[in-house]
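Worth knowing before you read on, the calculation uses all heavy atoms, side chains too, and leaves out hydrogens, waters and symmetry mates. Both ligands and their constituent atoms are indexed starting at 1 by order of listing. Position 1 is the first residue of the sequence, and the numbers go up from there.
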Amino acid sequence: MIKSAITVSLVEEARGGPFVYWDGLADAFRNAAELGFDAVEIFAPGPEAVSIDEVKQLCAEHNLKVAAVGTGAGMVKHGLSLTDKSEGVRAQAQAFVQSMIELGGHFSAPAIIGSMQGRWNAEVSRETALEWLGETLCRLGEHAHQYNVPLIYEPLNRYETNLLTTVQQGTDYLKSIGSPNVRLLADLFHMNIEEANLADALRAGGEYVGHVHFVDSNRQAAGMGHMDYAPIAEALRDIGYDGYACAEAFPIPDSATAAKNTIGTFKKYFPR
Ligand code: LER
Ligand code: MN
């Protein structure tokens, strides 16, 4: 069964970014529970910014899970990248992601590597960047294994990375690096830019699809753009996807409206 989730950002530097809730964990969990979401995805400045006890208590109080933890603050706040030319920066980036894997582990939630993958450039060739990224994904995927969660790798659209931009590229890459514990994040916003056909792409990803960012064509909440959700929902059912469809969307016109649209669209396409 596909489950619903919604994002909360605790990262001030990411203001204006595509996260639905912005007013702290207690507010996010209360509102998510009221609307009937299954889980919350947490975008945090770092592990020290999140009280493990508070999150466990909020999960118990509201009968919610943590869907995933984002690691993008490593880039947005600390300027780190897993493919930086400096070995020292790459090591710090890996340590940051590892600490977020450990944070998520407390809640049986996987960590997501999105913007932390970085880009290739004049100083780091595409081949080298993909080699470094692959080694890191394998190592950190193994680290995540002790928590019984995968590591989630997210292909991004061409304006955010020049490494891997489609689900097919991501799937081929994960096969080539041979890590059994890394799965793909299919973000419908990025896919709407890069894929010829979103449903076909999800089918090509198959069992490699481990998380979904559930969002509309304009990165507003599901139902507020022109995404055609029927074939997407059918494809997710066909591949037996039973992870989260998580709202990573702009809080437009406000968080409450974005959340309501998301859950309405989710229930329409994934009736229980
Ligand atoms: C970034 O565009 C994104 O989609 C996030 O999920 C990754 O940091
Ligand atoms: Mn995303």
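- Heavy-atom contacts of Arg219 reach the following atoms of ligand 1: 1 (C), 2 (O), 3 (C), 4 (O) (cutoff under 4.0 Å).
- Between the side chains of Gln94 and Thr136, at least one donor-acceptor pair of N or O atoms lies under 3.5 Å.
- Residue-level check: among N/O/S atoms of His213, ND1 sits closest to the Mn ion (ligand 2).
- Closest heavy-atom approach to atom 4 (O) of ligand 1 within the set Gln117, His213, His190, Glu41: this belongs to His190.
- Contact atoms of ligand 1 toward Asp187: 4 (O) (distance under 4.0 Å to a heavy atom of the residue).
- Within Glu248, the N, O or S atom at minimum distance from the Mn ion (ligand 2) carries the name OE1.
- Nearest protein neighbour of atom 2 (O) of ligand 1, counting heavy atoms only, is Glu160 OE1, 2.4 Å.
- For the residue pair Ser217 / Asn192, no side-chain donor-acceptor distance below 3.5 Å is found, with atom types taken as modelled.
- The angle that Asp187 OD2 and Glu154 OE2 make at the Mn ion (ligand 2), rounded to 10°, works out to 90°.
- Using a 4.0 Å cut-off between charged side-chain N and carboxylate O, Asp23 and Arg30 make no salt bridge.
- Between the side chains of Gln57 and Asp53, no donor-acceptor pair of N or O atoms lies under 3.5 Å.
- For atom 8 (O) of ligand 1, the closest non-hydrogen atom on the protein side is Ser115 N, 3.6 Å.
- At a cut-off of 3.5 Å, with distance as the only test, a side-chain donor of Tyr153 or Gln117 sits close to an acceptor on the other residue.
- Those atoms of ligand 1 that come under 4.0 Å of a heavy atom in Glu154, given as number and element, are 3 (C), 4 (O), 5 (C), 6 (O), 7 (C).
- Annotation for ligand 1: atoms under 4.0 Å from non-hydrogen atoms of Gly114 are 7 (C), 8 (O).
- Neither Val11 nor Val55 shares a network with the other; the hydrophobic side chains, linked directly or stepwise wherever heavy atoms of I, L, V, M, F, W or Y lie under 4.5 Å apart, form separate groups for each.
- Between the side chains of His211 and Glu154, no donor-acceptor pair of N or O atoms lies under 3.5 Å.
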